[in-house]
Amino acid sequence: MSELIRDKTVFTLTEVAKSIQKTIADRYTSAFWIKAEMNKLNYYSHSGHCYPELVEKVNGRVVAQMRSTLWSDDYININNRFLKMLNEPLKDGIKILFQARIKYDAQYGLSLHITDIDPSFTLGDLEKEKQETIERLKKEGVFDLNKKAVLSLLPQRLAIISVETSKGYADFMEVIEKNPFGYKFFHMLFPAILQGENAIDSINYQLSRIEKVKSHFDVVAIIRGGGGDVGLSCYNNYAMAKTIALFPLPVVTGIGHATNETVAEMISFQNAITPTKIAEFLIQKFHNFAVPVSEAKQQIIQEARQQLLDANSLLQSEAKLFKHITIGMIQRNKNLVNTHTRSMIQDAGYVFRSERNKLSTARQTVLKDATNQLQRAKQETGNLHQTFVRGSKTFLAAGNISLQSLEKNIEIMNPVHVLKRGYSISLLNGKAIRSTGELNENDLITTTLFDGTFESTVKKILPQQS
Amino acid sequence: MKEPITYTKAFEELQAIVAEIEQGEISVDELSAKVKRASELIKVCKEKLTNTEEDVNKILKELDAEG
Amino acid sequence: MKEPITYTKAFEELQAIVAEIEQGEISVDELSAKVKRASELIKVCKEKLTNTEEDVNKILKELDAEG
Amino acid sequence: MKEPITYTKAFEELQAIVAEIEQGEISVDELSAKVKRASELIKVCKEKLTNTEEDVNKILKELDAEG
Amino acid sequence: MKEPITYTKAFEELQAIVAEIEQGEISVDELSAKVKRASELIKVCKEKLTNTEEDVNKILKELDAEG
Amino acid sequence: MKEPITYTKAFEELQAIVAEIEQGEISVDELSAKVKRASELIKVCKEKLTNTEEDVNKILKELDAEG
Amino acid sequence: MKEPITYTKAFEELQAIVAEIEQGEISVDELSAKVKRASELIKVCKEKLTNTEEDVNKILKELDAEG
């Protein structure tokens with residue numbers, strides 16, 4: 001029990017430890033389900049016991065830490081269940097949900113005694129880790145980087161990360177070396193552990209070596225095969241995945257398993273289910289190169305010849321067209337010249353005919369009009385001739401008539417006619433006696449009768465009494 | 001006297017005589033003489049007319065004959 | 001007198017004479033001479049017409065003959 | 001006179017004569033001379049036409065011969 | 001005159017002459033000379049055409065022979 | 001002139017000449033020269049085609065020989 | 001020209017030539033040169049398929065040297 005030393009109550013360490021042990025035993029009577037990260041498994045192979053180191057981290061900082069014990073029988077039992085469910089053994093760095101009792105030992109201090117671990121929690125956690133790795137890589141923008149790496153047109157120089165004795169490596173080499181196409185590869189093995197926790201460092205180490213001599217290689221092939229499906233969660237590891245993603249050469253993976261695709265496979269340049277497929281993928285790349293090259297020859301031969309044929313036929317058709325149109329043009333011009341010649345001959349002939357007609361018309365006009373004029377003149381002359389004859393005769397007739405009329409008048413006036421009827425004219429001294437007053441008795445008068453005269457003497461004058 | 005007198009003169013004289021007689025300006029004494037003269041003139045005229053007519057007819061006949 | 005006179009002159013003179021005769025502007029004394037003249041003129045005209053006609057026909061015949 | 005006169009001149013003169021004759025502007029006296037002239041002109045023209053035609057035909061025959 | 005004249009000039013002149021003749025713009029006096037000229041031009045044209053045709057045929061024959 | 005001209009230029013020029021002739025842009029006077037030029041061009045083209053074909057065949061034979 | 005060209009460049013150039021030829025973008029003038037070039041490129045490419053010059057010892061030396 002406690003003792004007093006200089007007014008102080010003093011306990012021994014054992015007393016304290018016992019007190020704590022008792023208090024804890026009283027307080028924690030039953031087992032609990034606890035979740036924590038198993039930082040280290042601390043498996044001791046000779047005893048078969050494990051002393052897992054448990055931690056809880058917040059933002060990467062350890063906020064709680066506790067030791068624990070897992071006795072051999074429990075470990076074997078639990079590990080089997082893990083392998084069955086996760087394809088992974090119990091290992092460092094996984095999160096676990098475990099049943100434990102709090103135990104205090106005076107000598108070893110506080111620890112948790114693990115009696116059971118639920119593999120399904122770890123499975124979820126591993127899955128969660130995988131998802132976290134994916135998300136982180138994506139967040140950092142490196143997830144697709146290796147996919148975007150440029151694979152040489154001929155991935156001819158291979159840096160192989162594998163195990164020389166593995167079946168996967170042998171399969172791969174068989175396909176690569178004995179390809180029937182004579183494709184020549186250069187390859188160099190960088191041996192590494194390919195599964196389990198150690199694979200991460202091992203692979204990263206070899207990748208770092210390859211990076212040093214990357215100029216000698218076109219592609220890195222991670223080849224595994226024949227090792228079963230256990231211990232592949234290392235390929236979900238963030239560090240390894242990031243290395244692969246950032247690797248300057250394309251990384252192809254042929255890990256060969258039946259489980260879900262790991263992150264490393266997801267982010268690798270090319271993933272194949274088996275190493276053989278990887279080899280075939282590479283051969284295919286050669287094909288992709290070789291086929292166009294050998295086709296190019298055919299295409300170029302064909303196209304060049306076709307082009308020459310086309311050019312030749314184009315040239316010939318142009319020459320033919322040239323001949324055709326040139327001769328056509330000459331022909332056309334010949335026709336034109338001929339047409340003009342004919343037209344000229346015709347027109348000249350027409351000029352002659354037309355002029356002849358004109359002359360002939362002139363001649364006829366002259367003949368007709370001259371004749372007409374002469375005819376007219378003859379007519380006029382004839383008319384005048386007739387008028388002249390008629391006029392002359394009329395004139396003479398008129399002369400006759402007027403002469404006859406005068407003659408008649410004279411005849412009438414001739415005194416002879418009066419004398420015949422018994423009248424007589426007496427003259428005195430040659431003058432006709434018109435009055436008795438002109439007479440004197442004894443005048444000698446001469447009396448004229450129609451048939452002669454007689455002379456007498458006036459005896460008596462008897463004037464008329466009125 | 002026949003030769004020199006023209007038909008025209010003769011005819012005029014004849015006309016003058018007729019006119020004188022018609023107007024009674026001629027005495028009986030002269031009448032006979034005038035009538036005698038007229039008679040002579042008529043003869044002259046007739047002769048001339050006849051001659052002319054013959055000439056004309058001859059000429060016209062010739063003309064017709066010619067064409 | 002035939003040579004110098006033209007058809008035109010002749011015809012005009014003829015027309016004048018015929019008109020004189022028709023209108024009695026000529027004395028009997030002149031008649032014979034006028035008729036003679038007229039007859040001559042008619043002859044002249046007719047002759048000229050005939051000659052001209054012959055000439056024309058001859059000329060044109062020649063022309064025809066020559067083609 | 002044939003040499004210097006051209007077909008055109010000759011034809012124009014001919015046409016003028018024809019027009020005169022047609023319009024009765026030529027007297028009987030001139031008629032014969034005009035007809036003669038016309039006939040000469042027609043001859044000249046015909047001759048020229050014939051010569052020209054021969055020339056032309058010769059030229060054209062040569063042309064045909066040459067193809 | 002053959003050397004310097006071009007086909008084009010010759011043909012144009014020929015066309016002009018033919019048109020003149022057609023439209024009666026050429027007198028008989030000029031006709032012969034014009035036809036002569038036209039005939040020369042026709043010869044020039046034909047010659048040029050024939051030469052060109054021969055050239056073309058020769059060239060194309062060569063071409064056929066070679067090809 | 002053969003050396004510097006390319007097949008393409010030669011063929012284009014040939015086509016241009018043919019087009020000019022077709023569109024009547026060339027006179028008969030120019031035709032002969034153009035025909036000559038065209039013939040040269042056709043020859044050049046043929047030569048080039050033949051040479052090229054020989055070259056190509058030779059190259060391809062070599063290629064075949066090498067496997 | 002064979003020495004400096006990489007097979008990658010050769011392959012690309014070859015494909016470019018094939019594309020050009022197929023699309024008729026190569027003139028007759030270029031054709032021969034292009035075919036020749038293509039033939040060279042084909043040689044380069046074919047050689048690459050069956051040859052590699054890497055040396056394991058050299059790589060190991062480099063690895064050791066640096067690390």
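Letters go in sequence order (proteins before strands), and every chain restarts at 1.
At a 4.5 Å heavy-atom cutoff, the contact between D:S27 and chain C is made by side-chain atoms alone.
D:V35 is not listed as a side-chain neighbour of C:D55, based on a closest heavy-atom distance of 4.5 Å or more.
Across D:S39 and C:I59, no two heavy atoms sit closer than the pair CB-CG2, 3.2 Å.
Summarising the geometry, atom OG1 belonging to C:T52 is positioned 6.5 Å from atom CG belonging to D:L31; distances are rounded to the nearest 0.5 Å. Taking NZ from D:K36 and CG from C:L63, the interatomic distance works out to 11.5 Å, rounded to the nearest 0.5 Å.
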